[in-house]
Structure formats: structure tokens, C-alpha cells
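To start, the structure under review is shown below, and the notes come after it.
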Amino acid sequence: MALFITLEGGEGSGKTTVATSLADRARERGAEVVLTREPGGTPLGAAIRESLFRGDEPMGGWTEAFLFLADRAEHVERVIRPSLARGAVVICDRFADSTIAYQAYGRGLDLDLLQQLNRVATGGATPNLTLLLDVPVAIGLARTRQETFDRIGQETTDFHNRVYEGFGRLAIAEPDRIKSIDAAQPLDAVVAEAWELVAARLARIGFPGRG
């Protein structure tokens with residue numbers, strides 16, 4: 001009965017809002033839902049998140065990558081795998097694809113090595129469905145300018161363009177798992193499209209799938 005769903009996308013794509021809406025709808029249909037995020041889905045992860053996003057000191061690319069990977073290893077062991085083992089629906093705001101998009105494509109770190117390290121960190125845990133909230137960089141950054149940028153959000157437009165390209169390449173490589181949604185459209189439309197995809201997966205494991 002378990003289901004592992006992740007949401008991915010660049011800055012300002014609306015992942016957190018959409019993830020919360022999906023979790024609420026799945027609970028209404030009787031599913032046990034674990035809504036979590038990376039980094040920060042465990043107490044250790046919360047400390048890592050603070051170092052990654054709020055630190056004032058410059059950080060090397062591999063230092064950043066290893067912090068994300070450490071967070072992921074702890075997250076999988078403490079939250080994701082136990083939740084799936086008891087049959088829960090896990091909805092996670094960012095997962096391994098973000099490391100490839102941000103650290104491989106964005107930072108220019110070795111793609112093959114990061115993929116290997118991701119496999120170690122996840123222990124083979126792979127999402128059943130990944131929703132890629134696709135929003136052009138200019139629109140996403142304009143949205144986030146209304147908020148306080150974190151350290152990664154403050155990166156150059158060129159960096160965010162590389163991240164965007166990375167997510168696009170991932171979607172092309174794994175079309176069965178990664179489903180792209182136009183996140184430039186109104187939020188209600190994004191949530192409705194995302195829910196259709198999630199509802200179909202829920203129906204496969206025995207929960208009402210529509211409405």
C-alpha cells in the first residue's frame with residue numbers, strides 16, 4: 001500500500017504549497033500521509049538545513065553536496081523507509097533529483113559520481129512518482145523576490161538556468177517516473193493537474209482515486 005511521491009523544481013515553483021495540498025487530499029481519502037522535505041526532514045536535517053541555507057560563510061561545491069547527501073541518508077533511514085514499510089504515502093518536497101540538478105548541472109560537479117553517491121545516500125529508495133513543477137527561471141525568481149532569499153536562491157541567473165536545464169534533462173531521461181507540470185499557470189490549475197497524477201497512483205494501491 002506504500003507510495004513514495006516527490007516534488008521537484010526550481011526556485012519559486014510552488015513545491016511546498018502543492019505538496020501540502022496533495023497531502024491534505026490524500027488524507028481525505030483515508031491514506032496515512034507523511035509530508036516531509038529535504039533538507040530538514042529530521043532533527044539532524046534541520047541543523048544541516050540551517051548550515052546550507054542561512055550560513056554567511058562561502059561553501060565549496062562538494063561541501064554543499066555532501067551536506068545534502070548526509071541529510072538524505074538520515075532522512076531515508078529515519079523517516080522515508082520506515083514510513084513506506086508501514087504502508088504510508090510519503091510526499092517529499094525535494095529528493096535526489098535536486099542534487100543532480102543543483103550540484104551537478106548548477107555547480108558543475110561530476111554527474112556520474114553524484115549519481116553514485118545518491119544511490120548510497122538513498123539506499124535504493126526511489127520515488128514511484130516525481131512531479132516536476134516547471135516554471136521559467138525569470139518567473140520563479142520574480143516570485144521569490146517577494147520573500148527572503150536563502151544562500152542558494154541568491155545565486156546568479158546563469159546558475160538557475162543551468163538548474164532548470166538539469167531538471168529538464170532528468171524529465172526526458174525518466175518519463176515514466178517524472179511528470180512535468182506547467183507551474184506558470186494559476187496555482188489551482190497546478191494543484192488540480194498534480195492531484196490527477198497522484199490520484200491515479202492512489203487508485204492503483206486501493207484508495208479512491210478521483211474527486
Side-chain angles (χ1 to χ4, degrees), residues 3-22 37-39 52-53 61-62 64-65 67-69 71-72 90-119 121-122 125-145 147 149-198 200-201:
L3 189 62
F4 184 17
I5 299 166
T6 57
L7 284 90
E8 297 284 4
E11 309 303 309
S13 58
K15 300 180 312 318
T16 302
T17 301
V18 174
T20 301
S21 296
L22 296 176
R37 68 177 182 176
E38 287 196 355
L52 280 164
F53 292 155
W62 278 110
E64 179 181 87
L67 285 172
F68 278 114
L69 290 162
D71 168 80
R72 183 161 304 126
V90 176
I91 299 177
C92 188
D93 181 349
R94 294 202 185 281
F95 194 59
D97 294 313
S98 278
T99 295
I100 301 303
Y102 278 84
Q103 278 69 57
Y105 287 96
R107 300 290 187 210
L109 302 184
D110 186 272
L111 174 61
D112 291 339
L113 181 53
L114 277 173
Q115 288 173 329
Q116 293 175 40
L117 292 170
N118 251 338
R119 286 192 287 271
T122 64
T126 303
N128 302 105
L129 172 67
T130 296
L131 304 177
L132 174 58
L133 303 189
D134 186 336
V135 62
V137 170
I139 294 175
L141 292 180
R143 290 174 176 174
T144 57
R145 287 196 182 104
E147 306 168 0
F149 269 138
D150 59 40
R151 188 179 59 81
I152 294 177
Q154 293 172 356
E155 286 290 347
T156 65
T157 300
D158 285 345
F159 170 84
H160 291 293
N161 282 330
R162 293 193 298 272
V163 171
Y164 181 84
E165 178 186 357
F167 277 125
R169 291 189 181 187
L170 286 168
I172 291 170
E174 296 190 62
D176 292 337
R177 174 175 68 87
I178 303 176
K179 304 299 182 182
S180 184
I181 297 172
D182 177 7
Q185 61 184 324
L187 179 60
D188 287 350
V190 176
V191 171
E193 190 172 338
W195 175 246
E196 281 298 309
L197 292 164
V198 171
R201 298 292 178 129

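Worth saying up front: this structure is predicted, and the values here are computed from it rather than measured. Note that these values count all heavy atoms, side chains included, but never hydrogens, waters or copies made by symmetry.
- Scanning all heavy atoms of the two residues, the minimum distance from Val135 to Ala183 falls at CB-CB, 4.1 Å.
- Here the rule is side-chain contact (heavy atoms from CB on, under 4.5 Å) with Thr130, and of Leu7, Ile5, Asp97 only Asp97 fits it.
- A distance of 9.5 Å separates OG1 of Thr6 from CG of Leu132, quoted to the nearest 0.5 Å.
- Interatomic distance, OG1 of Thr20 versus CZ of Arg37, reported as 10.5 Å (0.5 Å rounding).
- Summarising the geometry of Ile139 relative to Ala184, their closest heavy-atom pair is CD1-CB, 4.1 Å, with the distance given to 0.1 Å.
- The side-chain heavy atoms of Ile178 and Phe167, taken from C-beta on, include no pair separated by under 4.5 Å.
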Cut-off 3.5 Å, no hydrogens considered: what does the side-chain donor-acceptor table look like for residues 100-109, sequence neighbours left out?
| residue | atom | partner | partner atom | Å |
| --- | --- | --- | --- | --- |
| Tyr102 | OH | Glu11 | OE2 | 2.6 |
| Tyr102 | OH | Arg94 | NH2 | 3.1 |
| Gln103 | NE2 | Glu64 | OE1 | 2.7 |
| Arg107 | NE | Glu64 | OE1 | 2.9 |
| Arg107 | NH1 | Glu155 | OE2 | 2.8 |
| Arg107 | NH2 | Glu64 | OE2 | 2.9 |
| Arg107 | NH2 | Glu155 | OE2 | 3.3 |

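- The two residues Ile152 and Phe159 come nearest to each other via the heavy atoms CG2-CE2, 4.0 Å.
- For the pair Asp188/Val191, no side-chain contact is recorded, criterion being any heavy-atom separation below 4.5 Å from C-beta on.
- If you take CG on Leu131 and CG on Leu22, they are separated by 6.5 Å, rounding to the nearest 0.5 Å.
- Using a 4.5 Å heavy-atom cutoff, the side chains of Pro39 and Leu52 are in contact.
- At least one side-chain heavy atom of Leu114 sits less than 4.5 Å from a side-chain heavy atom of Trp62.
- Across all their heavy atoms, Asn118 and Ala96 have their closest contact at ND2-O, 3.1 Å.
- Distance check, rounded to the nearest 0.5 Å: CG of Leu3 to CG of Leu129 gives 7.0 Å.
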Thr126 and Arg177: CA distance, side-chain angles, deciding distance, side-chain hydrogen bond (donor to acceptor under 3.5 Å, both in side chains) verdict: CA-CA 10 Å; Thr126 303; Arg177 174 175 68 87; over 6 Å; no
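- A distance of 10.0 Å separates CG of Asp134 from CD1 of Ile181, quoted to the nearest 0.5 Å.
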Steps toward side-chain contact (heavy atoms from CB on, under 4.5 Å) verdict (Thr122, Phe95): CA-CA 9 Å; Thr122 64; Phe95 194 59; 3.7 Å; yes
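- Here CZ of Arg201 is found 13.0 Å from CZ of Phe4. Values are rounded to the nearest 0.5 Å.
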